[in-house]
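Computed over heavy atoms, backbone and side chain alike; hydrogens, waters and symmetry mates excluded.
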Amino acid sequence: MDALKIIEAASVQKELPEFKIGDTVRVGVRIREGKNERVQMFEGTVIAVKGSGISKTFTVRRVSYGVGIERVFPMNSANVDSVQVVRHGKVRRAKLYYLRDRVGKAAKVKEDI
């Protein structure tokens with residue numbers, strides 16, 4: 001098992017900033033449209049981080065036109081171009097799935113100063 005972890009650590013090349021649950025992040029996602037490739041930004045609150053090592057993922061949620069949108073991004077994906085931390089959130093939970101049931105100001109996360 002240790003040999004797998006050594007190979008896994010060697011294959012991880014991406015340096016992402018440190019972010020936690022509750023932080024608002026802006027993720028740059030590479031999108032291919034035919035022959036062209038562009039970077040589209042997806043900004044939202046990190047509600048979950050799952051897995052470990054090379055299979056680690058994080059879930060980002062935002063509300064657009066009154067509809068909640070969640071996207072799961074692999075940490076080591078080639079399609080994830082960049083991650084910027086917009087603001088740090090103050091939370092007391094490891095998973096923020098309860099935000100799915102809330103609307104308006106109740107769905108906000110307090111800022112950590």
Side-chain angles (χ1 to χ4, degrees):
M1 199 64 173
D2 292 332
L4 287 176
K5 289 187 178 183
I6 292 171
I7 294 169
E8 190 175 284
S11 66
V12 175
Q13 309 155 14
K14 195 165 289 251
E15 286 294 324
L16 296 178
E18 288 292 323
F19 59 89
K20 301 179 296 198
I21 308 297
D23 291 354
T24 301
V25 294
R26 186 176 294 133
V27 183
V29 185
R30 286 196 186 106
I31 295 178
R32 274 182 234 101
E33 296 171 334
K35 296 177 184 174
N36 299 335
E37 185 173 301
R38 64 184 177 89
V39 176
Q40 184 180 47
M41 300 310 258
F42 187 86
E43 184 173 340
T45 305
V46 178
I47 63 167
V49 176
K50 290 185 177 181
S52 64
I54 202 161
S55 62
K56 193 171 187 178
T57 62
F58 62 100
T59 306
V60 180
R61 177 182 175 83
R62 81 168 181 206
V63 178
S64 179
Y65 298 105
V67 179
I69 300 168
E70 292 183 8
R71 288 190 69 178
V72 180
F73 298 102
M75 287 273 197
N76 300 301
S77 173
N79 290 333
V80 175
D81 187 52
S82 63
V83 177
Q84 301 169 350
V85 178
V86 177
R87 68 186 199 100
H88 296 285
K90 182 179 180 184
V91 294
R92 298 173 70 179
R93 300 280 178 269
K95 304 283 189 275
L96 302 182
Y97 296 141
Y98 65 88
L99 292 179
R100 293 173 177 166
D101 300 329
R102 301 197 177 179
V103 289
K105 286 189 176 180
K108 280 191 164 186
V109 175
K110 291 182 181 177
E111 188 169 2
D112 190 20
I113 299 172

- Query: For R71, what residues pass the salt bridge (Lys or Arg N to Asp or Glu O under 4.0 Å) criterion, not counting sequence neighbours?
  - Reply: none

- What is the distance from atom CG of L16 to atom CZ of F58, rounded to the nearest 0.5 Å? 6.5 Å

- Any donor-acceptor N/O pair, D81 side chain to G28 backbone, under 3.5 Å: no

- Message: Nearest 0.5 Å, please: how far is CG in L99 from OG1 in T45?
- Response: 7.0 Å

- Query: Would you say E37 has more than 12 foreign heavy atoms packed within less than 6.0 Å of its CD?
  - Reply: yes

- Item | Exam field: side chain D112 to backbone G89, donor-acceptor pair closer than 3.5 Å | no

- Item | Hphob cluster co-occupancy, V29 + I69, side-chain heavy atoms under 4.5 angstrom | yes

- Is it the case that one hydrophobic cluster holds both V83 and V39, taking links as side-chain heavy atoms less than 4.5 Å apart, direct or via other members? no

- Query: What's the shortest heavy-atom distance between V46 and K20, and which atoms?
  - Reply: CB-O, 3.8 Å

- Find out if a path of hydrophobic residues (ILVMFWY) with successive side-chain heavy-atom gaps under 4.5 Å connects M75 to I54. no

- Under 4.5 Å between side-chain heavy atoms, hopping through other hydrophobics if needed: is there a path connecting V63 to V91? no

- Item | Side chain to side chain, N79 and R32, heavy atoms closer than 4.5 Å | yes

- Item | R61 to I47 - nearest heavy-atom pair and separation | CB-CG2, 4.0 Å

- Item | Separation between CE of M41 and OG of S82, rounded to the nearest 0.5 Å | 4.5 Å

- Would you please test T24 and R62 for side chain to side chain contact (heavy atoms under 4.5 Å, CB included) and show each step? CA-CA 9 Å; T24 301; R62 81 168 181 206; over 6 Å; no

- Which heavy-atom pair separates Q40 from I31 by the least distance, and what is that distance? OE1-CD1, 2.8 Å

- Determine the minimum heavy-atom distance between V72 and T59, stating which atoms define it. CG2-OG1, 3.7 Å

- Query: Pairs in or reaching into residues 91-103: which pass salt bridge (charged side-chain N to carboxylate O under 4.0 Å, His left out), with residues at least two apart or in two chains?
  - Reply: E70-R100

- Out of curiosity, K90 NZ to E111 CD, how far, rounded to the nearest 0.5 Å? 11.5 Å

